[in-house]
Amino acid sequence: MTNRHTRLDRRTVVLGALAGTTVAACGPAAGGANGQTGQTGGTLAAALGSEPSTLDPQVTSDAALAQTAPFLFDTLLYRELDGTYTGHLAEKWETSPDGRTITFTLRPGLRFHDETALDGAAVVKSFERLLRVGGRSPIIGDVRRASAIEAVGERGVRFTLGESSATLLNALSQPYAGIVSPTGAERLGEGLGRAPVGSGPFVFKGWQSAAEIQLGRNAGYAWGPSAAKNRKAPYLDGVRLRILPDASTQVAALLAGELDAAYVADGAAVKQLRSDGRVSLTSSNIQGLLYLGFNMRRAPVDQLALRQAIAHAIDKKAIADVALDGMAQPVAAPLPPSIFGARPEVDRLERKHDPQQARALLATLATPGRPLQPLTLLTTTSAANGAIATLIQAQLKAVGVELKIQQLDTAAVTAATPRGEFDLLLWRYDWKDPDALSLFLMSDKIGGGNRVFYSNPKVDALLARGQIEMEQEKRARLYVEAQQLILQDLPWHPLVTPVGVAALRKDRVRDVRIELQGKLLVNDARVLR
Amino acid sequence: MGRLILGRGVAALPVLLAATVLTFILFQVVPGDAAVVAGGDRATQEELAALRVELGLDTPVWERLWRSTRGVLLGDLGRSLRTGRPVAEEISERLPHTLTLALGAVGVAGLLGPVVGAVGAARRGGWLDVALTGLTALLLATPVFAVALPLVSLFAVRWGLLPVAGAGEWRHVVLPVVTLALPSVAAIARVSRAAFAEALTADYVRTARGKGLGTVALYARHVWPNAAPPVVALTGLHFGSLLGGAVVVETLFAWPGLGRLAVSAILARDLPVAQGAVLTLASGFILANLAADVGQHLLDPRLRR
């Protein structure tokens with residue numbers, strides 16, 4: 001083991017020299033009598049579960065990109081864990097009373113990695129590029145609502161909207177809204193995806209396909225987000241993002257000291273890590289929901305009583321504890337607390353686990369001589385979904401409903417659902433804003449995100465108003481009402497919200513901040529030796 | 001032999017063409033396309049239609065088939081629908097890693113397998129032979145991860161002798177190659193044992209022993225050349241399948257090889273990359289079998305005439 005550490009020291013010295021920093025990469029800590037105080041320099045190794053298809057934040061909706069982009073790119077706004085917004089590249093912003101104009105004022109002295117200025121004009125050019133190439137971007141819909149994006153003076157950027165948008169701020173805080181260097185984009189064209197140029201705390205150093213992405217310290221960085229104590233250049237020399245697709249490999253690498261940080265969603269892996277004193281585990285609720293969707297256009301699940309019966313047959317706690325190994329929490333509402341807070345007035349409409357009630361409802365549906373046909377449950381091939389589906393199958397069997405499980409890969413499910421070839425759908429969404437409901441349950445999204453063919457004009461109206469209502473209290477009431485209607489109509493039976501666990505080798509690194517959805521904030525992080 | 005190589009070269013072309021066309025057909029049959037993958041969960045049908053135009057998926061099937069086969073015949077493998085990079089670039093990045101694993105594994109298996117088989121054949125019926133037969137059967141039956149995880153747990157995590165995953169130094173190669181080689185060692189050992197056992201009972205062996213020939217010379221000059229053909233043939237087949245069948249090992253050890261590329265291309269419905277991977281692996285298979293046949297020619301004077 002000692003040999004391995006010496007090896008790393010040599011390597012980080014080389015990295016430090018390459019990065020051209022003046023801080024000693026090895027040697028005693030700068031400032032700190034405590035032997036455990038970390039020193040500046042050193043490289044942090046973190047795991048990526050999948051490889052991003054590109055490092056251009058504007059052209060993809062990859063989840064892997066969302067984890068990687070914050071190292072390289074900054075956004076106008078930063079969204080805190082409690083949902084409030086603070087300025088990141090923008091030091092302040094003003095919204096006009098009618099909500100149709102938002103003007104951001106950038107901090108002074110911002111620079112991209114290629115030394116060009118990050119001013120109002122550059123931000124405008126970056127968004128113009130997004131509008132040109134961002135067909136796949138998850139935030140393109142929100143950005144397209146702006147009728148104009150203009151520079152105001154040197155440090156101002158003004159968004160003019162047709163009508164107010166309650167979702168624009170969320171969109172601008174997403175990793176996909178990272179500001180891209182216009183000179184870099186012009187110079188590299190499509191190659192920007194393999195050689196990204198942003199303004200973030202780290203610069204791009206190298207990328208070995210399917211293996212690793214290397215990042216180096218941005219020595220000129222001085223505009224860290226409010227969540228970091230160190231708002232200037234990171235203490236680390238660099239970050240190694242290792243692409244390790246298998247959860248057991250991540251665990252082994254963490255225990256062997258080849259990895260300092262990993263985000264684990266697998267219950268068995270977490271159990272293995274719990275027993276090791278060198279590993280600190282931090283769990284957080286993922287802003288997402290696993291739900292059971294019903295095909296509202298296909299008999300027999302188009303009958304409300306059958307949907308209610310199925311809902312009553314399901315034991316969500318068993319799904320969370322058994323099928324998902326404790327890596328989830330049951331939820332009642334279509335918007336889990338991690339997105340919208342706890343809402344008892346919505347939760348009380350939940351169809352709770354009550355097999356007796358399920359059987360009573362099924363009895364009202366039974367026609368003599370015609371037993372209920374087996375229903376098809378469609379879901380992806382992931383092990384977790386397979387486990388949940390099997391458990392649901394058993395729970396339904398207990399009340400007399402037969403279920404056939406069909407597992408296809410994600411692309412096949414996405415393609416098959418608009419054709420309506422299923423009765424039940426075990427699916428999941430991940431989103432930060434209550435507007436998620438409009439993406440998946442508004443009637444104009446049938447054939448797209450609305451895979452359950454749900455159509456309720458009252459819900460449509462509430463969700464549409466929610467997109468433009470700027471006053472927080474009023475907006476919240478709209479979503480409460482919408483959710484109450486949704487729980488009554490039952491196109492979805494919400495099941496659980498996933499829990500993710502961030503695992504850190506606390507004997508090797510310190511001050512790594514875990515954000516939601518597995519993102520790491522390492523501006524304060526130091527390596528321990 | 002020159003005719004053999006030429007003949008194989010000519011026969012390879014229709015095989016590769018068929019592989020390209022077959023991959024294309026399979027992609028049309030499977031639900032979902034690259035637009036659905038790129039659009040993600042939220043895309044509307046209009047957005048998907050726009051993506052199909054962008055990705056060139058809106059043209060009729062025959063036109064797309066002609067485009068991809070023509071591209072292959074002319075040596076242009078096109079661009080990945082997922083990353084936009086040239087397919088040739090993506091494959092050339094991964095091919096050396098796959099070759100390292102496949103050559104390493106077949107090297108280990110090709111050397112160790114016949115040795116184990118020879119030992120078993122020489123002591124056939126004895127306890128060693130029985131033990132080796134049982135061990136090889138066990139190895140053949142054990143799934144890859146059941147072999148890999150204990151090796152990693154012991155050599156990497158507990159003892160820290162070897163890395164857990166990744167590629168780069170020679171130390172990274174050891175565990176993946178061992179994991180990959182063990183089933184091949186077992187298979188080749190079993191065939192070798194049978195081949196050696198048969199050769200050892202032949203008259204010429206008794207004659208050679210009667211003439212006073214030492215064991216080493218006996219095996220080198222008489223036993224091995226006669227036992228070799230099935231062993232060499234099987235080794236060639238294994239190399240071919242190792243080129244493409246290493247996906248589980250590549251995933252467990254985060255090895256950046258072609259197997260993982262092929263699987264992610266299929267899941268992403270990235271036809272150009274999938275075709276490129278299939279072509280590369282098919283070519284490798286053809287070459288491996290050709291090498292095995294050439295090897296047999298060289299070993300067996302009867303075939304040279």
Side-chain angles (χ1 to χ4, degrees), chain A residues 1 3-4 47 50-54 59-62 135-136 138 140-141 190-191 193-194 208-212 242-246 248-259 408-416 418-419 427-431 439-440 444-451, chain B residues 30-48 50-51 54 79-85 89-90 93-94 97 145 148-149 152-153 155-160 162-168 248 250-258 260-261 264 266-270:
Chain A
M1 278 314 223
N3 277 341
R4 175 116 18 91
S50 62
E51 185 182 31
S53 59
T54 174
V59 300
T60 181
S61 56
D62 274 357
R136 306 177 195 196
I140 191 72
E190 274 175 7
R194 297 294 293 195
Q208 290 83 52
S209 290
E212 200 172 289
R242 300 191 58 188
I243 296 156
L244 302 174
D246 191 72
S248 59
T249 311
Q250 290 184 12
V251 167
L254 207 58
L255 294 175
E258 285 175 33
L259 209 59
L408 300 173
D409 78 346
T410 309
V413 176
T414 313
R419 297 201 289 265
W427 205 234
R428 168 180 170 157
Y429 78 79
D430 290 83
W431 201 241
L439 295 169
F440 303 113
D444 65 346
K445 298 290 193 303
I446 290 177
N450 183 343
R451 298 183 187 282
Chain B
V30 159
D33 60 11
V36 159
V37 173
D41 197 22
R42 289 171 278 253
T44 61
Q45 293 300 317
E46 294 79 36
E47 285 164 359
L48 288 178
L51 277 170
E54 187 193 314
R79 285 178 177 265
S80 162
L81 295 178
R82 195 176 73 99
T83 65
R85 300 171 70 211
E89 202 177 297
E90 299 216 335
E93 272 175 353
R94 314 284 200 106
H97 296 290
F145 57 86
L149 292 179
V152 169
S153 184
F155 288 94
V157 180
R158 187 162 320 173
W159 291 336
L162 293 166
V164 168
V248 178
E250 287 180 15
T251 306
L252 283 175
F253 291 99
W255 191 262
L258 269 183
R260 263 172 72 197
L261 180 68
S264 44
I266 294 166
L267 291 175
R269 305 293 193 270
D270 190 348

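Panel note: side chain A/R242, backbone B/A165; a donor-acceptor pair is recorded below 3.5 Å.
Using a cutoff of 4.0 Å between basic side-chain nitrogens and carboxylate oxygens, B/E89 and A/R194 are not scored as salt-bridged. Comment: A/R428 does not engage B/D41 in a salt bridge, judged by the lack of any side-chain N to carboxylate O separation of less than 4.0 angstrom.
For B/R79, the side chain to side chain contact (heavy atoms under 4.5 Å, CB included) partners at least two apart in sequence or on another chain are A/E190, B/P86. The ring pair (Phe, Tyr, Trp, His ring centres under 6.0 Å) search around B/F155 returns B/W159, not counting sequence neighbours.
Contacts of A/L439 with chain B are made by side-chain atoms alone, with heavy-atom separations under 4.5 Å and no backbone atom involved. Heavy atoms closer than 4.5 Å to chain A are found in the side chain of B/E54, but not in its backbone. In this structure, no portion of A/A416 lies under 4.5 Å from any heavy atom of chain B. Contact annotation for B/R158: neither backbone nor side-chain heavy atoms come within less than 4.5 Å of a heavy atom of chain A. With a 4.5 angstrom heavy-atom cutoff, B/E93 touches chain A only via side-chain atoms. Only the side chain of B/R269 comes within contact range of chain A, judged by heavy atoms closer than 4.5 Å. Only the side chain of B/V37 comes within contact range of chain A, judged by heavy atoms closer than 4.5 Å. When heavy atoms are compared at a cutoff of 4.5 Å, B/L149 approaches chain A solely by way of its side chain, counted from C-beta outward. Proximity to chain B (any heavy atom under 4.5 Å) is shown, for A/S209, by both the backbone and the side chain.
The two residues B/A38 and A/R136 make their nearest non-hydrogen contact at CB-NH1, 3.5 Å. Of all non-hydrogen atoms in A/A411 and B/V36, the two that sit nearest each other are O-CG1, 3.7 Å. A pairwise comparison of heavy atoms in B/P256 and A/A211 identifies CG-CB, 4.2 Å as the closest pair. Nearest heavy-atom pair across A/K445 and B/T44 is CD-CG2, 4.3 Å. Between B/T83 and A/S53, the shortest heavy-atom distance links the atoms CG2-O, 3.2 Å. When all heavy atoms of B/V157 and A/A256 are compared, the closest pair comes out as CA-CB, 4.1 Å.
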Do A/E51 and B/R260 pass the salt bridge (Lys or Arg N to Asp or Glu O under 4.0 Å) test, and can you show the C-alpha distance, the side-chain angles, and the key distance before you say yes or no? CA-CA 11 Å; A/E51 185 182 31; B/R260 263 172 72 197; 5.9 Å; no
Output, in order, the C-alpha distance, side-chain angles, deciding distance and verdict of side-chain contact (heavy atoms from CB on, under 4.5 Å) for A/T410 and B/L267.
-> CA-CA 8 Å; A/T410 309; B/L267 291 175; over 6 Å; no
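For the pair A/P418/B/Q45, a side-chain contact is recorded, criterion being any heavy-atom separation below 4.5 Å from C-beta on.
With rounding to the nearest 0.5 Å, the separation of CG in A/D246 from CG in B/L252 is 5.0 Å.
When the candidates A/I446, A/L408, A/I243, A/D409 are compared by the number of heavy-atom contacts under 4.5 Å with chain B, A/D409 comes out ahead.
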